[in-house]
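Here the structure is laid out as structure tokens; the discussion comes afterwards.
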Amino acid sequence: MKYNINILFFTLAFLLSCSGDELVMNDVLKDQKIEAAYTPEAYQLNIPKWLPEMEIPADNPLTKAGVELGRHLFYDPILSLDSTISCASCHLPELSFADPNRLGVGIGGAIGDRHAMSLVNVGFYTKGLFWDGRVKTLEEQALMPIEDHREMNENWKQVEKKLARHPNYPKMFREAFGIEYPSQITKELATKAIAQFERTLISGESRFDKIVFANDLDAGFLTDSEERGRVLYFFEESQVLEHPGCSHCHNGPLFTDNAFRNNGIESVNSLKDFPDKGFGGFTKQLGDNGKFRVPTLRNIELTAPYMHDGRFQTLEEVLDHYSSGGHFAENLDANILPFTLSARDKQDLINFLKMLTDTNFVNNPDLQNPFK
Amino acid sequence: MKKFTILTIILLAFIGIASSCEKNTDDNETGTLSLQFQLTYGGEPLHMFERFNYASGASVFIDRFNLFISDVKLVNSTTKQSIKDVAWLDFSGIQDKTTAKTGVRLEIPKVPVGQYSALEIGLGVSPELNATTPSNYSASHPLANNYWEQWNSYISMVIEGKADLTGGTTHNLILTYHVGTNDAYSRINLEDNFLIKSGKNNVILLEIDLKKILTKEGQHLDIERFPRDHSTRPEVFDFLRLNLPSAVVLKNK
């Protein structure tokens, strides 16, 4: 028995020293001065004038090389443990960077507990990211999927090493951030680059934008059905109590007020019983349980399934939910009220929502996978 | 080219000196003022979801209270000092007794020190700012949200909650009152001696009494007949907007 343990010990020691040596050798070999120029050029964001200004952190100004590096990292499965999953596995460009799966599917098919929302206009959200608002900045957010065991399940030390040994990344990091040695590649720089790329995910050229904001005559006019949908969406008839009231929450040029609200999708006996506490899980205030961030409705035609848990497959189902008035709870938002929705109203509202689809955005070559 | 560089350096140096001077005077001659707003019902601190007895006999709680204030000035015999263009007071995070006592704190830096005799507050969004739209602002600015397209106006006050008309514990009547448009704007002038000193310890305590918004001189808003209004019915809109100015007072005055 003693003998066996000894063998085990020696084998282990041998194995450990081997892999250790290999890493050290690799590090020594690759950490030579990077041969590339550092001439950062500012990246000009192209923000239509009807969208708000974007607030960009002073310590992470956008540069052309930074955005390009960020795009590569976003699409590169090198960030995951077994090189199978990239950010784009759950945030698909052709779907406005949302996920067709109901819940996030990460490494080895591990299932998360929320639906990956669209990243459209994500650079404009200042009141907290994720469905529950628990993260403040894109830089901070980008750290998380890498180490989440149900997403990419890798650790950053390892990612830093993989990037440093890579044939192209050291050069790209130098061009973006002026580092001199591959060993200076850090998770902070990687996430800064990803955040820079994410800030370029700007959509404001849907048919709605062209007609309503840009007064672009080439875009034509609203069809009768779209116009009826628009009125249902934005207006309240003065003396009628019931109305869809969508724009109480999905309002402004971003089609969200960025607030946290309970839109009544969950049936619970008390505020303590929400299966996903959402905003309340973050604020630790009972009254915030079951509230989620109001998501944008831009490109909504492309981003099914819907809600934080992807429970609805179609916009028809979403509208049926709203017209029912939702499930009552003490904190059910006061703007969620039952309303009658004729088949025609439904179609009109959906036709209106489809006006928010921006094909220029989803087809924008600058946002596509650079490895294809 | 060389000439240009030298000029630039001189210019930059000058700007540097000028701005550092400004900083010095700033520290000595301005202070930070906190306007601390407490939401009350009949003078008692009120938090979200807290039940209160309404004049009609109903039991009511609110779960959202927002108010825009704009064009805030400190006044004395020689100047009217603008100190804040616009701010959005959001009480939805106030959900317990402790935070209800503190209320919502609005920090205003760089207020010139001195003795003032009145605080002027615009309740709602001033017509000048109300002519703008969310597109004019950066994403975290209060005027980047809270806009109602149908009125071409910001929503200056939001009162949302639920009621049990019988006074019981089943609060299933939803109440929503959204007040906006230029007609919803009013100004109040709160007189007192305000001494603003350098540093951060200048605090003015204010109170917003919801009871004074919903009731007046024996009359109260008929929440049964009008559980919801969007600045359309004069019985509701006028009642709320005209009551608001007397509901905002200096605390303990």
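All chains are named by letter (A, B, ...) in the order of the sequence lines, taking the proteins before the strands, and each is independently numbered beginning at 1. Side-chain atoms are counted along with the backbone in the values below, which use heavy atoms only and exclude waters and symmetry mates.
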### Summary
Pair count under 4.5 Å, heavy atoms only, with chain B: among Thr256(A), Asp288(A), Asn251(A), Leu286(A), highest is Asp288(A)
### Message
Is it true that, when you exclude Glu224(B) itself, more than 12 heavy atoms of the residues, nucleotides or ligands shown sit nearer than 6.0 Å to its CD?
### Response
no
### Message
Could you tell me if the side chain of Glu55(A) sits less than 4.5 Å from the side chain of His141(B), heavy atoms only?
### Response
no
### Query
Does Glu160(B) reach the main-chain N or O of Asn335(A) with its side chain, forming a donor-acceptor pair under 3.5 Å?
no
### Query
What residues, two or more places apart in sequence or in another chain, satisfy salt bridge (charged side-chain N to carboxylate O under 4.0 Å, His left out) together with Glu139(A)?
Arg199(A)
### Query
Given that the side chain runs from C-beta out, which part of Phe226(B) has a heavy atom under 4.5 Å from chain A: side chain, backbone, both or neither?
neither
#### Entry: Test item: Gln150(B) and Phe234(A) side chains (from C-beta on) under 4.5 Å apart, heavy atoms
no
### Task
Tell me, for Gln285(A) versus chain B, whether the close heavy atoms (under 4.5 Å) come from the side chain, the backbone, both or neither.
both
### Task
Taking the side chain as every heavy atom from C-beta outward, state whether Leu337(A) and Arg228(B) have any atom pair closer than 4.5 Å.
yes
#### Entry: Partner set under salt bridge (charged side-chain N to carboxylate O under 4.0 Å, His left out) for Asp71(B), not counting sequence neighbours
Lys73(B), Arg187(B)
## Note on the structure
Most heavy-atom pairs under 4.5 Å with chain A, out of Asn172(B), Thr133(B), Val158(B), Leu175(B), belong to Asn172(B)
### Task
For chain B, find which of Met54(A), Arg261(A), Lys127(A) contributes the most heavy-atom pairs closer than 4.5 angstrom.
Arg261(A)
### Task
Decide if atom CD of Glu128(B) counts as having more than 12 heavy atoms of other residues, nucleotides or ligands within a radius under 6.0 Å.
no
### Query
Any side-chain heavy atom of Pro52(A) sitting closer than 4.5 Å to one from Tyr137(B)?
no
### Query
Does Ser135(B) reach the side chain of Lys49(A), with side-chain heavy atoms less than 4.5 Å apart?
no
### Message
Is Tyr125(A) in contact with chain B via its backbone, its side chain, both, or neither, using a 4.5 Å heavy-atom distance?
### Response
neither
### Task
Determine the option with the most heavy-atom pairs under 4.5 angstrom with chain B, choosing from Ile336(A), Leu254(A), Thr283(A), Leu332(A).
Leu332(A)
### Query
When heavy-atom pairs shorter than 4.5 Å are enumerated against chain A, which of Tyr147(B), Phe49(B), Trp148(B) gives the highest number?
Trp148(B)
### Task
Could you verify whether a donor N or O on one side chain and an acceptor N or O on the other, from Ser247(A) and Glu149(B), lie under 3.5 Å apart?
no
### Message
If you define the side chain from C-beta out and look only at heavy atoms, does anything of Phe328(A) sit under 4.5 Å from Lys162(B)?
### Response
yes
### Residue pair Arg64(B) / Asp333(A), side-chain heavy-atom distance below 4.5 Å
yes
